[in-house]
Amino acid sequence: MPIETTPAFVAEPAADARFVAVPFGHDLAPPTELPLPVEALLSHYEAKGDPGEVVEVPVALGSGIRRVLLYGIGRGSAADLRKAGASVARKVKGGATVYIRVPDSTDPSDTADAAALAEGALLASYTFRIGTRRTPPEIVFVGGDEKALRRGETIARATALARDLINTPASIKSPAWLAEQARSVAADAGLGFREDAALVGFGGIRAVGQGSATPPRLVELTYAPEGATRHVVLVGKGITFDTGGLSLKPEEGMKTMKTDMAGGATVIAVMGALATAGVPVRVTGLVACAENAFSGSAQRPGDVITQYGGRTVEVLNTDAEGRLVLADALAYADAELEPDIVIDIATLTGAAKVALGLRLGALYATDEPLADALLASGEASGDRLWRMPLIDDYRADLDSDIADLANVDRKMSGSAGSVAAALFLREFTGGRPWAHLDVAGPARATADDGEVTKGGTGFGVRLLLHYLTSLG
Ligand code: BES
Ligand code: MN
Ligand code: ZN
């Protein structure tokens, strides 16, 4: 469930603290009797001080034991501190309290601060469970800049919210349920909220949702801080489960498809954190929610639909459903919201996952400054992106004999799957500065690793919060 730990901030660990984590090269405080000098211990364990390294030293504490966790911080970069915080948190059992001494800034040229340490520790202690509750460790930061630590906490909480939404099974997570979650996030964060179930004109969202017992929704969240001049629209794919529809997925490919609303989860979580993060621009979040079900009322391969704004699309493959719901939302944003920048995020294609694997998101953009800013935010935030090409030559592969566009390359004439999907979306952006994030790979992790936990990762929350915060 969400991060249940509320980190505390103190000047010194409690006298009876059982877990005390101290960065390499920093004094142990309060004076703790180590069995050997620190240097001897570190050299015995061949510890070099790399981020992720933790040397555990038991020391006597009254009649019990204190575990001193000597942790490496590498060069002290944000990535190093995230990894360090995560490794420390993973050493501590649920229910126990760990006191983490915050390192002094080692490199004055470094912009990294304690935020990354807090973010890593909190994200690594995230768990999701339906049934018996698993108690997370209590985390107490010792020293350090409390404002920076709170910033890390904000980012971690938003990411954990996205993870919760993604990890919730589709038996619970209908489009209406997802819209309700967005409503409660909006209420907590003071955002505007609107939900559309009638979906007049939204032919893509309706066609994808028509096979499901739980009908589709379009969610719109609004954030308008005083004095904001620019307007960014975020669009998230909110497919609560993707069977493929009548173009049915094989069992192996289907079983993780509750993840197919990860883009929408990211948009909801980011919107919920904008005020706390102090984002200075106007932001609208759109989430196109539908279940791509297999049933007698499902759309058929060969059907022709009318997207928002009037373009017709021949649906040759019902498993290419994400682009149909996103096209409606993008066209609506262009026609009605006057955005300066549009960014969509979606678990759109298996091809993006094949190309870049599980740790990188695919970035497509029609605007160079926007692409550069997102790449930089990716590096800084830990949600890394790789720029992909919008190859015009492949656009003709999406021509249809009977409609304005086909939703897939009918002839399979060799266009790349992730590129073709991006080219399809571009048709609906009205030429506005637009970026598309295909996160089919990094939205889900197969194992715990650093601050990433197995299951839904919340990829994109840190990235978009970093990007939006940086807009002056
Ligand atoms: N949701 C899937 C993409 C996906 C695949 C996400 C694997 C995460 C992991 C998407 O709706 C889809 O099915 N895409 C098809 C497109 C194809 C039919 C052109 C795909 O990638 O196979
Ligand atoms: Mn699909
Ligand atoms: Zn999908």
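Note that ligands are numbered from 1 as they come in the structure, with each ligand's atoms numbered from 1 the same way.
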Is it the case that ligand 1 has an N or O less than 3.5 angstrom from some N or O of [X]?
X: D319; answer: yes
X: K249; answer: yes
X: D260; answer: yes
X: G350; answer: yes

Is any side-chain N of the basic residue among [X] and [Y] closer than 4.0 Å to the acidic one's carboxylate O?
X: E119; Y: R151; value: no
X: E368; Y: R387; value: yes
X: D404; Y: R311; value: no
X: E379; Y: R384; value: yes

Atom of [X] closest to the Zn ion (ligand 3), considering N, O or S atoms:
X: D260; result: OD2
X: E321; result: OE2
X: D242; result: OD2

Here the gap from L178 atom CG to I268 atom CD1, rounded to the nearest 0.5 Å, amounts to 4.5 Å

Q: Please state whether the separation between the Zn ion (ligand 3) and some N/O/S atom of L348 is under 2.8 Å?
A: no

Note, [X] side chain near [Y] side chain (heavy atom, < 4.5 Å):
X: V315; Y: I305; result: yes
X: P103; Y: L117; result: yes
X: L246; Y: F294; result: yes
X: D196; Y: Y332; result: no

For OD1 in D319 and OE1 in E321, the angle at the Mn ion (ligand 2) (nearest 10°) is 120°

Are more than 12 heavy atoms, taken from residues, nucleotides or ligands other than W177, located less than 6.0 Å from that residue's CH2 atom?
yes

Judged by heavy atoms only, the candidate from M261, R444, E321, M257 nearest atom 7 (C) of ligand 1 is M257

Which atoms of ligand 1 are found less than 4.0 Å from any heavy atom of [X]?
X: K237; value: 1 (N), 10 (C), 11 (O)
X: T347; value: 1 (N), 2 (C), 3 (C), 6 (C)
X: V408; value: 19 (C)

Quick look: L348 vs ligand 1, heavy-atom contacts under 4.0 Å, and the answer is backbone

Contact region, N317 to ligand 1, non-hydrogen atoms below 4.0 Å, reads side chain

In D242, the N/O/S atom nearest the Mn ion (ligand 2) carries the name OD2

